[in-house]
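Scroll down for the structure; my scribbles are underneath it.
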Amino acid sequence: MTGVSASRLRNLPSVDRALNTPLGAATAQRFGQQAAAHAIREALAEARAVCRTGARMPEAGDLAAKALARLEEGARTSLRRVFNLTGTVLHTNLGRALLAKDAVEAVRLAMCEAVALEFDVEKGERGERDDHLRSLVCELTGAEDATIVNNNAAAVLLVLNTLALGREAIVSRGELIEIGGSFRMPDIMARAGAKLVEVGTTNRTHPRDYLAAIGPATGLVLKVHTSNYRIEGFTAEVSARELASIAKERGVPLVHDLGSGTLVDLARYGLRHEPTIREAVADGADLVTFSGDKLLGGPQAGFIIGRQDLLAEISRNPMKRALRVDKLRLAALQATLKLYRNPDRLAERLPTLRFLARAVADIAAQAERLVPALAKALGDAFAVDAVECFSQVGSGALPLDTLPSAGLALRPRSGSGQALDALAAELRALPVPVIGRIDNGALVLDLRCLEDEAGFMPNLANLSSGGVDAMA
Ligand SMILES: *Cc1c(COP(=O)(O)O)cnc(C)c1O
């Protein structure tokens with residue numbers, strides 16, 4: 001170290017001096033003396049390293065400001081709010097379904113006050129967690145009985161472990177799916193203690209395949225909704241109804257894992273008809289499982305509905321206690337399910353359906369409206385156009401179906417994919433990160449899920465067009 005830089009270092013302000021600046025004192029007031037001093041020490045260490053390069057010496061106030069910024073950054077939730085403009089309505093990585101207002105209010109109450117979670121207020125006795133939803137679920141699905149667990153993966157695990165522990169579970173080879181987050185049907189079966197018996201082939205499975213496989217060691221027959229893919233061409237599958245009659249005849253339970261599952265006919269909203277949960281029950285499955293936060297539009301949860309005697313058995317499985325849902329999600333589920341009692345107002349009240357049912361003309365008009373603001377925020381380096389695009393449902397629901405939508409295509413006027421990646425990063429760095437998707441040389445912002453336009457605009461103001469230009 002040269003004598004010059006050594007003397008520069010000696011002139012750096014001390015931790016105490018930084019703490020005693022007005023900003024340092026305010027920081028200590030807000031985050032505590034110890035945390036503030038620690039953050040200033042860190043800022044000082046950085047300043048020492050930088051000073052050696054001959055950069056400007058920070059003043060005490062600069063150190064306090066750095067420390068405050070660091071502490072504020074650390075205090076901010078990492079579960080950041082984002083604008084989901086990916087075009088995928090139920091985006092698993094962005095938290096899937098948004099809750100209805102009624103559900104949010106129900107959760108707020110359950111968070112802040114004591115609630116009769118497992119308490120029968122009338123009789124003054126212990127009650128049951130499932131009582132809050134059982135009759136409502138049965139009313140909406142036609143099932144005899146119902147229970148709720150942590151998610152649908154847990155529902156499948158619990159069913160397999162209860163009905164097929166040490167026994168065989170029969171599944172078509174065409175339905176041995178893997179869904180995101182390493183949920184693989186064969187692995188779940190193994191962990192549940194069931195022995196997987198595959199029948200049929202990848203593309204074709206016939207009634208005789210099931211009939212040949214069912215025997216004294218069979219615990220259950222499982223039918224799985226092939227959520228995220230579809231086999232087309234020379235195919236054959238045994239319908240749920242037909243499989244139910246085979247299972248009944250042989251005296252083994254049929255479990256139908258619907259995955260997403262919907263309580264309403266999606267054709268009503270211009271989507272392809274997806275067999276509803278009620279239909280799956282009516283088709284004769286002994287148990288049906290589905291998610292709470294996919295098409296249903298509620299919080300993360302897994303439903304097991306169907307035969308009362310089987311559900312009684314499931315309730316006796318000690319594993320159920322480990323997979324149960326908490327009061328907050330019960331509250332949200334109950335409020336969400338109640339909305340289904342009035343299907344006419346569902347698309348207005350339930351965000352998931354509201355997004356899916358949104359008229360493309362409405363989205364296109366919004367795109368036209370936003371072009372000037374975006375063009376201004378991005379500066380000359382980017383072309384901004386209102387475009388047609390396609391949304392998808394997401395979370396494995398209707399995997400091949402797309403919904404005509406509209407959005408903004410942002411394209412660098414010159415440069416390459418790098419400029420596009422830089423722009424995507426810039427949008428993610430906004431106070432409320434904006435997440436789009438890169439498609440065919442453009443960053444596309446699908447506006448289907450943009451309701452908070454009033455909040456979107458000022459957020460854009462943080463996009464320094466100079467900054468983006470420089471990066472491009
Ligand atoms: C999504 C899905 C699951 C898992 O549901 P989670 O609620 O995400 O746990 C299980 N089976 C199928 C067929 C699915 O589509």
Side-chain angles (χ1 to χ4, degrees), residues 88-99 133 137 146-161 163-164 169-192 194 196 205 220-231 237 240 243 254-263 266 271-272 274-277 279-281 283 285 287-306 319-320 322-326 329-330 332-333 336-337 352 392-401:
T88 300
V89 175
L90 294 168
H91 200 302
T92 296
N93 305 132
L94 300 180
R96 291 191 185 163
L98 306 188
L99 295 190
L133 291 176
V137 174
T147 188
I148 320 294
V149 288
N150 179 58
N151 57 10
N152 190 33
V156 173
L157 177 71
L158 185 59
V159 167
L160 286 167
N161 181 262
L163 303 182
I170 299 174
V171 193
S172 161
R173 286 202 166 85
E175 296 174 0
L176 283 174
I177 57 162
E178 170 181 312
I179 57 172
S182 63
F183 176 93
R184 286 181 155 190
M185 220 18 117
D187 298 344
I188 293 286
M189 289 220 176
R191 291 296 171 132
L196 168 63
T205 302
L220 58 84
V221 176
L222 179 65
K223 183 163 183 63
V224 185
H225 188 291
T226 55
S227 300
N228 45 10
Y229 78 108
R230 199 170 292 149
I231 298 176
E237 74 167 311
L243 197 48
L254 170 67
V255 177
H256 193 169
D257 175 22
L258 275 185
S260 191
T262 174
L263 286 169
L266 295 173
L271 295 153
R272 179 204 296 264
E274 169 87 348
T276 63
I277 296 158
E279 284 165 353
V281 171
D283 276 344
L287 292 175
V288 176
T289 60
F290 53 95
S291 281
D293 58 351
K294 294 184 179 174
L295 279 171
L296 196 95
Q300 181 187 300
F303 290 76
I304 308 170
I305 66 172
M319 215 186 239
K320 185 174 172 225
L323 302 173
R324 75 181 184 188
V325 281
D326 69 308
R329 286 189 286 153
L330 274 182
L333 280 172
T336 304
L337 289 172
T352 299
Q392 54 184 24
V393 180
S395 284
L398 308 180
L400 303 185
D401 292 355

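All ligand and atom numbering here is 1-based and tracks the order in the structure.
Close contacts of ligand 1 with A153, meaning ligand atoms under 4.0 Å from a residue heavy atom, involve 4 (C), 5 (O), 6 (P), 9 (O). When each atom of ligand 1 is checked for a heavy atom of H225 under 4.0 Å away, the hits are 13 (C). Listed by number with element, the atoms of ligand 1 under 4.0 Å from a non-hydrogen atom of R96 are 6 (P), 7 (O), 8 (O).
When L196, T226, V224 are each tested for a side-chain contact (heavy atoms from CB on, under 4.5 Å) with L176, only one passes: L196.
Residue contacts with ligand 1, taken as heavy atom pairs separated by less than 4.0 Å, do not involve E175 at all. Counting heavy atoms under 4.0 Å from ligand 1, residue K294 touches it through the side chain alone.
Of the possible polar contacts, none joining the N152 side chain to the A155 backbone as a donor-acceptor pair under 3.5 Å is found. With hydrogens and angles ignored, the 3.5 Å screen pairs a side-chain donor or acceptor of S395 with a backbone N or O of L90.
Note: an N/O pair closer than 3.5 Å links N152 and ligand 1 by distance alone. The distance criterion of under 3.5 Å between nitrogen or oxygen atoms is met by D257 with respect to ligand 1.
The side-chain heavy atoms of F290 and I305, taken from C-beta on, include a pair separated by under 4.5 Å. Within the 4.5 Å cutoff, no side-chain heavy atoms of L243 are placed close to those of D283.
Atom CZ of R173 sits in a crowded spot, with more than 12 heavy atoms from other residues, nucleotides or ligands closer than 6.0 Å.
Distances from atom 6 (P) of ligand 1 to the heavy atoms of A155, S395, S291, G259 show the closest one on S291.
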